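Read through the structure below, which is laid out as structure tokens, and then see the notes.
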Amino acid sequence: MKNRFLLRFICVAVVFVLSVALFACDRAENDTEKENASATLEKESERSEPKAKDFTVYDANGNEFKLSDFFGKPIVLNFWASWCGPCKAEMPEFNEKYLEIGDEVQFLMVNLTAGDSVEAADELIESNGYSFPVLYDKTYSAANAYGVQSIPMTVFIDREGYIMAVDVGMINAEKLEERIGLIK
């Protein structure tokens, strides 16, 4: 009887030790997987800046464009409307800068057309002789992606698609130059 009890005790002890050993091995394997996953995430997100959110807008001919179509080049993304006084006041600075460096930096002047009209926007652009690219946000896709609450609003995105600065309200030539320096 004593031998039988001792044998059962040894069997239970062996099973316990094996269970603990297997648990420890499994945990070590999971920890290694977590460390590898964490290292991968760190490599992917070494930057602290937020990634630009994609959206869909249209040109005057109804052609569809996504913000991501322009990644690979620094982007100046400006939200505006034809009825907005501060928007109209900053447009000459944007047009001048576009004429100066439009081949190096992508300017996207996004009209909030759902609260404006294509006709009013086109009239403003044509009457002032602006030549920067104008896109139309007919469904607030872009405005919603960026939480636009007040205009003008300008987002500065580097060539890799990271947001480097956001300005709400009218900006002057010096501020525009400074912000473009962040994305070039």
Side-chain angles (χ1 to χ4, degrees), residues 37-60 63-116 118 121-122 124-125 128-184:
S38 178
T40 300
L41 283 176
E42 282 180 29
K43 284 181 184 174
E44 290 176 2
S45 63
E46 288 176 359
R47 299 188 55 176
S48 61
E49 298 89 3
K51 195 79 164 150
K53 294 179 182 175
D54 210 4
F55 57 77
T56 302
V57 290
Y58 303 88
D59 68 9
N63 298 313
E64 183 178 286
F65 291 91
K66 294 185 179 304
L67 178 65
S68 57
D69 294 339
F70 301 99
F71 289 168
K73 192 174 191 180
I75 299 169
V76 174
L77 172 63
N78 179 265
F79 295 96
W80 65 280
S82 65
W83 48 261
C84 168
C87 299
K88 292 189 277 189
E90 73 179 3
M91 283 186 167
E93 307 292 349
F94 280 86
N95 194 62
E96 186 176 315
K97 202 52 139 165
Y98 169 72
L99 292 172
E100 181 186 330
I101 62 166
D103 57 334
E104 301 168 38
V105 175
Q106 181 66 54
F107 284 75
L108 300 176
M109 304 299 282
V110 177
N111 175 263
L112 301 182
T113 315
D116 200 355
V118 172
D122 286 347
L124 176 69
I125 298 303
N128 288 286
Y130 297 139
S131 55
F132 46 63
V134 176
L135 298 171
Y136 302 92
D137 189 9
K138 298 177 180 182
T139 62
Y140 284 138
S141 169
N144 289 334
Y146 286 84
V148 176
Q149 299 288 319
S150 181
I151 54 174
M153 180 174 148
T154 309
V155 182
F156 297 86
I157 304 167
D158 73 7
R159 68 184 72 253
E160 294 172 19
Y162 287 94
I163 298 172
M164 302 305 292
V166 177
D167 286 295
V168 178
M170 188 178 121
I171 60 176
N172 59 27
E174 292 84 33
K175 178 67 83 172
L176 182 58
E177 179 75 30
E178 174 190 319
R179 297 298 199 217
I180 288 172
L182 294 174
I183 61 175
K184 276 178 91 180

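Just the heavy atoms: all of them, side chains too, but no hydrogens, waters or symmetry mates, feed the values below. Model, not experiment: these values are computed from the prediction.
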Which value, rounded to the nearest 0.5 Å, describes the distance between [X] atom [atom1] and [Y] atom [atom2]?
X      : Y      : atom1 : atom2 : value
Phe79  : Thr154 : CZ    : OG1   : 9.0 Å
Glu160 : Phe71  : CD    : CZ    : 11.0 Å
Tyr146 : Met153 : OH    : CE    : 8.5 Å
Ile180 : Lys97  : CD1   : NZ    : 5.5 Å
Asp116 : Ile151 : CG    : CD1   : 8.0 Å
Ile101 : Glu177 : CD1   : CD    : 7.0 Å

Of the non-hydrogen atoms in [X] and [Y], which two are nearest, and what is the gap between them?
X      : Y      : result
Ile163 : Glu49  : O-CB, 3.4 Å
Met170 : Glu90  : CA-OE1, 3.3 Å
Lys73  : Gly102 : NZ-O, 3.6 Å
Asn111 : Ala81  : ND2-CA, 3.7 Å
Glu93  : Ala173 : OE1-CB, 3.1 Å
Gly129 : Asn95  : O-ND2, 4.2 Å

Within a reach of under 6.0 Å around [atom1] of [X], are more than 12 heavy atoms found that belong to other residues, nucleotides or ligands?
X      : atom1 : result
Glu104 : CD    : yes
Lys53  : NZ    : no
Glu96  : CD    : no

If we only count heavy atoms from C-beta on, is the [X] to [Y] side-chain gap below 4.5 Å?
X      : Y      : value
Arg179 : Asp167 : yes
Tyr130 : Pro92  : yes
Phe55  : Leu77  : yes
Phe70  : Ile157 : no
Leu67  : Leu108 : yes
Ile183 : Val76  : yes
Phe65  : Val110 : no
Pro152 : Met91  : no

### Query
Going by the angle between their ring planes, with limits at 30° and 60°, are Tyr98 and Phe132 parallel, tilted or perpendicular?
perpendicular
### Task
Taking Ser141 for its side chain and Thr56 for its backbone only, find out whether a donor-acceptor pair lies under 3.5 Å.
yes
### Task
Spell out, as yes or no, whether a donor-acceptor pair under 3.5 Å connects the side chain of Tyr140 to the backbone of Gly115.
yes
### Query
When Asp158 is tested against each of Lys51, Arg47, Lys184 for salt bridge (charged side-chain N to carboxylate O under 4.0 Å, His left out), which residue passes?
Arg47
### Message
Against the six-membered ring of Phe156, is Lys175 placed for a cation-pi contact (under 6.0 Å from the centre, within 45° of the normal)?
### Response
no
